[in-house]
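This report concerns only the one structure given below.
When reading the values below, keep in mind they use all heavy atoms of this one structure, side chains included, and skip hydrogens, waters and symmetry mates. All of these numbers come straight from a predicted model, not from anything done at the bench.
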Amino acid sequence: MKDKTPPRPIITLEGVHKYYGDYHALRGIDAEIGEGEFFSLLGPSGCGKTTLLRAIAGFEDISSGRILLDGTDMEGVPPNRRPTNMVFQSYAIFPHLSVAENVGFGLRKAGMGNAEKARAVGEALEMVGLGGYGDRAAHALSGGQRQRVALARALILKPKVLLLDEPLSALDKKMREQMQSELRRLQRQVGITFILVTHDQEEALIMSDRIAVMFEGEIAQLAPPQELYRRPASRRVGEFIGMMNFLPATIMSEASGKLQVEVPGLGKAELERAQCPGPANPGPGEIGLRPESLTVLFDGQDAERVAPGKVEEVTYYGDMTYYDVRLEGAPNNVTVSMRNMPGRPVLARGEATKLAWDARAMVLFG
Amino acid sequence: MKGRGLHIYALVYLVFLYAPIVLLPLFAFNDGTTIAFPLQGFTLDWFRALVTTPALHEATLNSLIIAISTAVLSTCLGLFAARAATRYRFPAKPVIVGFIMLPLVLPEIIVAISLLVVMLQLGLSLSIWTIIAGHTLICVPFAIAILQGSFSNMDRSLEEASVDLGETPLTTFRLVTLPLVMPGIIASLLICFTISLDEFIIAFFLSGNEPTLPVYLWGQLRFPARLPVIMALGTILVGLSVGLLITAEFFRRRGLRRAGLPDSGGFL
């Protein structure tokens, strides 16, 4: 597996625990985040991702463990003295100040002259595409513009790490997609480490160099997007990232790095040991398969590995069609996604069909 | 027909509410010593009499000192309580806040009598300071009600953003918190000032030989010949009160506008 850990860590988390009374919010977080990386903390609400972000910013004390920022232990360092800046979920634009005063807020103690300050503010606004908006009143801005002001205000201080707390969740779908690519562009341009908190798995996949998936205060998997999608470390990660089919399977034997698996509905399969993230003891297990790694075979098509079944449900999306298929001998349905192409029919509910499958696309959970 | 009945009801209600107040200026400028129609003609004598009554000046000065002190004290205490109530979680918070707000509904005469008993038991002599204490007690709930609105309208992350951008908690209070709750502070000052200025019962019980304006007025009612003078004074007081309330409301609304928030209630 390719090692994408960047050479120099800018943030090191060592055994970070956080308790709120009896509630164990962070349960031993260990991670290194590299310089210039776009890093995402992804998980459902209540998984501790925002707590971790706020702990890095200095708004939450941690109960034990260490947070190192560029090699310095942040224990006891208040937020105003940390080389991090935050884009808040509500954007936290100061309503009594103009756009320029908002963006220049952090420069008060920078010891700049007024002209120099004005130039820096102008450049920052230019960078986020709000050139000429400086004199506007902050409360007269749209959601997307507020977001840009918050970004400019944080980036003008050239932090070592920019922390983003669900910055896109308040925007409508179209604006969100636009800001996703813009954030990505901005991050490459400034080269600053971005840490993004999000509950949107698609957003994390699109934007990140690496993603830490968190459940219940723990990192369930830390990997680049492709690896996370192709090789989820647990059934839960597989379920959370994209769509995944699960079929019960029996692990028959393990020999010379190969696993022999029997999957009712599909048949016998030979897997690489690397396709099983956990222990692979002989006995009952489960295989995971993405909808796009199963293929519906139409008339006259054939494949090496074929399983017969029946279409139970058809969901037509225009560019794609999703089929729920009951394989013969399988206890539950699998979902298959097919791209709609010229000349390719859309099957009807109740039709018999054949699915082609490939053992290389499987993940085995012991 | 139903709608018409309601209109009449509303009209009668408003007449009942404001007619007596309209009578104040009417008789204040009336050239006659009795409060009765028909009006006798226009005069400014009663206003002139106000200027030449030293006891009245003393009472006015007392009232102003009390009202200003009460306004400042209540607003400061209200500021602490409102910030605590909106920003922090602590044990028994609803109970504590509830007890602070209780004077809002307690019968004032009970508050006044119990305060008098306590003050006398403590051996404190009655003065404007005892009145300030009593007025602060009843004004703090108003201050809290107003300031709590200001604080809960304010996004918590604004203060965090300021700290995140390098300001200390103290400079954050000055640069962010204070400007944003300032309209609430001004509104609270004005409303507490107004309440204290025309409060009678507590002032009556606790004033000793330093009467406030309302207490002085009440004393003057024993002399029928002084009635038109009181009308003149009343006219000025009503004018001042209305002016202050409008100013308070103006600041409250401006605060909302600045924060870009929708208007939800208020006193006017």
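- Neither the backbone nor the side chain of A:Leu107 comes within less than 4.5 Å of any heavy atom of chain B.
- Annotation for B:Ile202 and B:His135: closest pair CG2-CD2, 4.0 Å, computed over non-hydrogen atoms.
- Heavy-atom distances place the side chain of A:Phe88, and not its backbone, under 4.5 Å from chain B.
- Residues A:Phe39 and A:Phe194 keep their aromatic ring centres 6.0 Å or farther apart.
- For A:Phe59, the part lying under 4.5 angstrom from a heavy atom of chain B is the side chain only.
- Around atom CG of B:Leu170, no more than 12 heavy atoms belonging to other residues, nucleotides or ligands sit under 6.0 Å away.
- Look at A:Arg210 and A:Glu37 and you find a salt bridge, because one of the NZ, NE, NH1 or NH2 atoms lies within 4.0 Å of a carboxylate O, short of that distance.
- For B:Thr171, the part lying under 4.5 angstrom from a heavy atom of chain A is the side chain only.
- Both the backbone and the side chain of A:Arg153 come within less than 4.5 Å of a heavy atom of chain B.
- Other residues, nucleotides and ligands contribute only 12 or fewer heavy atoms inside 6.0 Å of the CZ atom of B:Phe80.
- Within the 4.5 angstrom heavy-atom criterion, atoms from both the backbone and the side chain of B:Asp164 approach chain A.
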